[in-house]
2 protein chains.
Amino acid sequence: MDPAVSDATVGRLPAYLRAAIDLGTQGVTSVSSDRLAEEAGAHPATLRRDLASLDITGTRGVGYDIKYLVSQISLVLGLNQQWPVVIVGAGNLGKALANYGGFAERGFPVAAMIDVSPELVGSTISGIPVVPTDELPRLVEEEDILVGIITTPADVAQEAADMLVEHGIRSILNFTTELLDVPPTVTCRSVDIATELQILSFYRQRGRAAQTGTGVPLGSEHG
Amino acid sequence: MDPAVSDATVGRLPAYLRAAIDLGTQGVTSVSSDRLAEEAGAHPATLRRDLASLDITGTRGVGYDIKYLVSQISLVLGLNQQWPVVIVGAGNLGKALANYGGFAERGFPVAAMIDVSPELVGSTISGIPVVPTDELPRLVEEEDILVGIITTPADVAQEAADMLVEHGIRSILNFTTELLDVPPTVTCRSVDIATELQILSFYRQRGRAAQTGTGVPLGSEHG
């Protein structure tokens, strides 16, 4: 496999994986690129090119084997291991993420939530303990935390990021509007809802409709 | 301006816009492409190409005029008009979005939230009224709703989308894990948190770090 898989390809792999898993659940054992692309909301030619770039090939007239697709894409995405998560900020958004059922089953168990509020610390939200900030070192050590999700108010998001980085977490998902400053060795993705709305507004005022998925990196790469 | 602005460019414009607005707030009046790219978390060459594709040009040795940048990018994104929003689903995620301060100031006022729960209907969340489903036609008519945000449980997300589409809403932002089926005239973007985590996991296990932003469309275009 080409070590330099493009960021755009990486951004589309989760949709292919989900489509393949969904089809497998429905009892489908092999799938054409057209059908898989339709399920994933992607363009068939793009999908074929993406999978070929990962050396994932189908059989002419039969298509891709579903089990092979799922295992290969999972391997590329690093989903053959668990990625324990800590959520920093137990407000509405943090709670919504804790309630979100999809994390653990996709390999991202939420080990704990961190908050500064004395009313929240010591409670559990959807079975997830809320702990104070000073428990982070213990969590990272004992629970092997690899990912930090920041759902704090924007004005303390940088502080939260600094704390995560200081304790060795190198993958951050930022849900605040703050643009975070992290060292080049840390991967930080931002999910900004206003950005999504602005993109919707572009397509609508242009009279173009777009069936679209999520995140492809913005293009700047470090490390 | 080229009418066929690429989806990847569209996906990066909101970050450029935010960076330009931030710099303007700090009293900056003109900016180099390098500085703007740094603020936006983008690659300078990509930024220059993107802006050139929109006929947005800077002055050699001076850079881009901030006011011009903000007005031109806003115009391209259709942000010279208001895009009233309805949020379907007043659970934790819906509440988190209602609490999110950034919508109205970026041209996306939240007119109402829709929920089926008798305990929630009639209340207000962060000043936003929660109304029953059958008020949607009146809302669309009187409040000129252009965007629907779906934050329901996944198993009723398609039903929510069908309802929005039936009442003439053609821009949908989907926060559930459900892949929505909408007519080709409707633009639907999905924000799937597990997708973002899978992308993070890719970069981490590859030992590559990526400073990244949000969503670029998956590539399939209709309408």
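All chains are named by letter (A, B, ...) in the order of the sequence lines, taking the proteins before the strands, and each is independently numbered beginning at 1.
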Can you give me the closest heavy-atom contact between B:Val76 and A:Phe202, atom names plus distance?
O-CD1, 3.3 Å
Could you pull out the closest heavy-atom pair between B:Arg170 and A:Arg204, with the gap in Å?
O-NH2, 2.5 Å
To the nearest 0.5 Å, how far apart are OG1 in A:Thr195 and CG in B:Leu77?
9.5 Å
Select, from A:Asp22, A:Val147, A:Leu79, the one with the greatest count of heavy-atom pairs under 4.5 Å involving chain B.
A:Leu79
Any side-chain heavy atom of A:Leu200 within less than 4.5 Å of one from B:Trp83?
no
Would you say CD of B:Glu143 has more than 12 non-hydrogen atoms from neighbouring residues, nucleotides or ligands within 6.0 angstrom?
yes
Side chain, backbone, both or neither of B:Ile149 within contact of chain A (heavy atoms, under 4.5 Å):
side chain
Which value, rounded to the nearest 0.5 Å, describes the distance between B:Asn80 atom CG and A:Ser201 atom OG?
8.5 Å
Max heavy-atom pairs within cutoff under 4.5 Å with chain A, candidates B:Gln81, B:Arg18, B:Glu39, goes to B:Arg18
Heavy-atom distance under 4.5 Å to chain A: side chain of B:Ile73, backbone, both or neither?
neither
For chain B, which candidate among A:Thr176, A:Ile172, A:Val85, A:Leu146 shows the most heavy-atom pairs at distances under 4.5 Å?
A:Ile172
So which part of B:Leu17 gets closer than 4.5 Å to some heavy atom of chain A, the side chain, the backbone, both or neither?
side chain
Assess whether atom CD of B:Glu141 is packed by more than 12 heavy atoms of other residues, nucleotides or ligands within 6.0 Å.
no
Do you know which of B:Asn174, B:Leu173, B:Leu93 has the most heavy-atom pairs with chain A at a distance under 4.5 angstrom?
B:Leu173
Does any part of the side chain of B:Asp7, heavy atoms only, come nearer than 4.5 Å to the side chain of A:Tyr203, both counted from C-beta?
yes
Which heavy atom of B:Ile199 sits nearest a heavy atom of A:Pro14, and at what distance?
CG1-CG, 3.9 Å
Rounded at 0.5 Å granularity, tell me how far CD in A:Glu196 sits from CZ in B:Phe175.
7.0 Å
When every non-hydrogen atom of A:Leu179 is compared with those of B:Gly41, the smallest separation belongs to CD2-N, 4.4 Å
